[in-house]
Each structure stands twice: as structure tokens, then as C-alpha cells.
Amino acid sequence: MMAESGETMKAAGLKAIDTVVSSTAVLIKSKAPSNPEIVDLIAARIRGVISKFEMPLFVFSLIVVAAQKYVLCQYNVQREKLPEATKITPGKRAPTINALEEEGWVAVSSMVEKKVIATVMDQLTGVGATDILVLDIANTRAG
Amino acid sequence: VKNLPIALVFLPAADIPTFVGEGRVSLGITGRDTVAEHATGVQELRRQRAESGKSTPEEDEREIGCEEVMDLGFGSCKLQVQVPEKGPYVKPSDLIGKNIGTSFVHLASDYFARLEREAAADIPNEGSEKTTRKMKTKIIELSGSVEAACALGVADGIVDLVGK
């Protein structure tokens with residue numbers, strides 16, 4: 001459908017005199033989805049990618065090129081939720097826990113297998129973790 | 001997809017709102033223009049059926065249609081009214097009663113119906129609802145190469161996408 005460009009319009013000797021709709025690519029959902037939880041989950045995942053990068057299509061192709069087995073996952077969580085959260089990200093030996101300046105909050109960093117990271121992020125969100133970051137590990141001796 | 005029970009399906013951009021709207025496909029990525037075109041078409045159909053008394057209340061209550069979840073920030077373009085550069089038409093209302101070529105028949109009809117109502121409202125005695133029921137502007141459905149329609153004498157103006 002998107003064969004037209006400003007160049008084509010000029011080449012055809014036409015000029016625009018009004019705009020009916022301004023459009024971009026959008027994510028749409030059914031008003032009556034068969035599985036609302038999964039719809040919201042996927043929307044949240046796409047939002048995670050979109051908010052970080054300018055060109056989502058490019059990023060999707062990067063994700064496909066999986067290089068390493070582990071990524072480093074960091075997040076903030078309330079101390080009372082820590083047992084639940086570390087059950088999701090137990091790390092290789094044990095998770096690293098740092099106290100935050102804010103009372104009652106801790107930061108957790110943990111190695112997570114790349115193939116399960118999307119599910120792990122969803123689960124962490126579910127137990128109230130915030131500011132979840134996933135970092136590539138450039139090199140490691142972590143066997 | 002590895003870690004979720006979902007299937008990915010590739011469909012023509014213009015058909016995606018139909019599949020999603022019917023609820024057979026839960027999520028879709030397509031242009032806002034095609035979503036608007038589909039929604040306008042569905043409204044039109046409902047109005048026609050309601051007027052002819054064919055639709056049952058149950059049918060109307062069934063929730064169909066799509067809603068936008070988020071702007072993905074790529075593939076931006078505009079659906080614009082275009083006329084020949086050297087032609088006699090300078091503003092959209094000049095095209096009332098003329099032939100308009102487009103692939104977006106519902107959006108174009110809606111647009112020109114509104115123009116006609118506005119134009120009729122300016123002239124006393126013609127501002128009543130009844131005179132605007134029948135559209136004067138003729139919308140011609142084209143599936144591609146819409147920009148050629150004016151040069152080939154099929155249309156006086158077109159409603160077509162312009163990329164940015």
C-alpha cells in the first residue's frame with residue numbers, strides 16, 4: 001500500500017491540498033481478544049523495546065542474533081519482595097544485593113540465561129520489581 | 001515463538017484490522033490509515049444495516065473492532081487530498097461533485113461527506129439534513145497507481161498516501 005512518496009506525487013504532476021489522516025505504524029489489539037493476559041504481556045514487551053530504541057525493526061533483527069548464553073539482569077525491588085524476586089533470578093552462585101539510598105529498597109544484579117530473560121522480566125514485573133535492566137556481557141570467565 | 005503460546009502470521013497491511021477486529025487475531029502491527037479506513041467502513045455498514053432494519057440487537061452488541069495500543073514510531077506517512085498542479089482546483093471544496101480516485105474509499109467518502117455538509121450549511125435553505133444524504137462527490141475505488149488517475153482522466157482529484 002505504501003508505494004507512494006512525495007517524489008511520486010510530484011512526478012505525476014500533483015500537489016497536496018489537504019491531509020485526511022496522518023499515519024504511522026501502530027500496534028492494535030482486538031476489542032475482544034481471546035487471551036487478554038498474553039495480549040498485555042506482548043504489548044509490554046514491545047513497549048520495552050520501542051522505548052529504548054529508535055528503530056524497532058532493526059532491534060528485532062538484533063535480538064535474533066543471539067550471541068551469548070547469559071545476560072546480566074539488574075533491577076530495584078522492595079526488601080520485603082526480595083525472597084520472591086531472587087527465586088526468579090537466583091544467579092549463578094547467588095544474586096548480588098546492594099542497598100539503595102531509599103529506605104526499604106534494594107538493587108539486585110544477577111546472571112540470567114538469555115533464552116529465558118523475557119519470561120524472567122515479566123515475572124519480575126509481576127512481583128513488583130522496577131527499573132529492570134538487561135545488560136550484555138561482553139566477556140566472562142563464569143563457565 | 002519459544003516462550004509463549006503464540007503464533008505469528010503475516011498478512012497484507014490492509015487486511016490486518018479485519019482479522020484483529022473480528023477477534024481471530026489478538027494483536028496486529030499495521031498503519032493507522034488502514035485501521036481508520038477499516039473502522040470507517042464498519043461504522044458505515046452498521047449504519048446501513050440499522051437503517052434497513054436488518055441488524056438484530058445481539059449483532060450490534062457483539063464487541064468488534066480494534067483499538068490502538070501504541071504508536072510504534074516508524075513508517076510515518078500522510079493520507080492526502082491531491083490535485084493536478086496546473087489544474088483549476090486549489091482547495092478541497094473545489095472537488096465537491098467531482099470524481100475522486102482512491103484506495104481508501106471509506107475515509108475518502110467520510111471526508112467528502114463532511115465537506116459537502118459544511119458547504120451546504122453555508123448556503124441557507126440547503127442546510128437541512130435531507131439534502132446532504134446523497135453524496136454529490138463520486139468516489140472511485142482504485143487498488144494501486146492512484147497517482148495516475150488524474151493524468152488518465154479517470155479522476156479530478158485523488159486521496160492517496162504520501163511518505164515522509
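So you know, we letter chains A, B, ... as the sequences are listed, proteins then strands, and number each from 1.
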The reported gap from CG in A:Leu27 to CD in B:Glu67 (rounded to nearest 0.5 angstrom) is 10.5 Å

Test side-chain contact (heavy atoms from CB on, under 4.5 Å), reference A:Val20, set B:Thr102, B:Val81, B:Leu161, output is B:Val81

Heavy-atom closest pair (A:Ser34 atom, B:Ser26 atom, distance to 0.1 Å) is OG-OG, 3.6 Å

Exercise for the section: Could you tell me whether the side chain of A:Ser23 and the main chain of B:Arg32 form a donor-acceptor pair under 3.5 Å? Expected result: yes

**Q.** Side-chain touch B:Leu107/A:Val21, heavy atoms, less than 4.5 angstrom
**A.** yes

Whether the B:Glu147 and A:Thr8 side chains hold a donor-acceptor pair (N or O, under 3.5 Å, no angle test) is what I'd like checked. no

Practice task
Determine, using the 4.5 Å side-chain heavy-atom cutoff (strictly less than), whether B:Leu11 and B:Leu27 are members of one ILVMFWY cluster.
Solution key: no

- Query: Given the rule in the side chain to side chain contact (heavy atoms under 4.5 Å, CB included) test, do A:Val26 and B:Val35 qualify, once you have shown the distances and angles that lead to the verdict?
  - Reply: CA-CA 9 Å; A:Val26 291; B:Val35 180; 4.3 Å; yes

With chain B, the option among A:Ala25, A:Ala12, A:Pro33, A:Ala118 that has the most non-hydrogen atom pairs under 4.5 Å is A:Ala25

Test side chain to side chain contact (heavy atoms under 4.5 Å, CB included) on B:Tyr111 and A:Asp18 and set out the steps.
CA-CA 11 Å; B:Tyr111 176 86; A:Asp18 197 13; 2.4 Å; yes

For B:Pro5 and A:Ile38, the nearest pair of non-hydrogen atoms, with its separation, is CG-CD1, 3.5 Å

ask   = Do A:Leu124 and A:Val116 belong to the same hydrophobic cluster, where Ile, Leu, Val, Met, Phe, Trp and Tyr are linked whenever their side-chain heavy atoms lie under 4.5 Å apart, directly or via other members?
value = yes

Among B:Gly87, B:Ser145, B:Pro92, the residue with the most heavy-atom pairs under 4.5 Å to chain A is B:Pro92

Yes or no on side chain to side chain contact (heavy atoms under 4.5 Å, CB included) for A:Ile17 and B:Val90, after CA distance, side-chain angles and deciding distance? CA-CA 7 Å; A:Ile17 52 171; B:Val90 287; 5.9 Å; no

In terms of heavy-atom contacts, B:Val69 and A:Ile28 come closest through CG2-C, 4.1 Å

Given B:Gly31, B:Pro17, B:Gly28, the one with more heavy-atom pairs under 4.5 angstrom with chain A than any other is B:Gly28

So, the part of B:Tyr89 with a heavy atom under 4.5 Å from chain A: the answer is backbone

Whatever's closer than 4.5 Å to a heavy atom in chain A on B:Val83 counts as both

Nearest heavy-atom approach of A:Leu14 to B:Pro84 is CD2-N, 3.7 Å

Turns out that what part of B:Cys150 lies under 4.5 Å from chain A's heavy atoms comes down to side chain

Nearest heavy-atom approach of A:Lys10 to B:Glu85 is O-OE1, 4.5 Å

Next on the checklist: Please tell me whether A:Ile132 and A:Val106 are part of a single hydrophobic cluster in this structure, the criterion being side-chain heavy atoms less than 4.5 Å apart.
Outcome noted: yes

(request) Before giving the answer on side chain to side chain contact (heavy atoms under 4.5 Å, CB included), spell out for B:Ile6 and A:Asn35 the whole-Å C-alpha distance, their side-chain angles and the decisive distance to 0.1 Å. (result) CA-CA 10 Å; B:Ile6 58 172; A:Asn35 200 327; over 6 Å; no

Bottom line for B:Val146: the part with an atom under 4.5 Å from chain A's heavy atoms is neither

Taking every heavy atom of B:Gln80 against every heavy atom of A:Ala16, the minimum-distance pair comes out as OE1-CB, 3.3 Å

Ranked by heavy-atom pairs below 4.5 Å to chain B, first place among A:Ser22, A:Pro36, A:Ala11 goes to A:Ser22

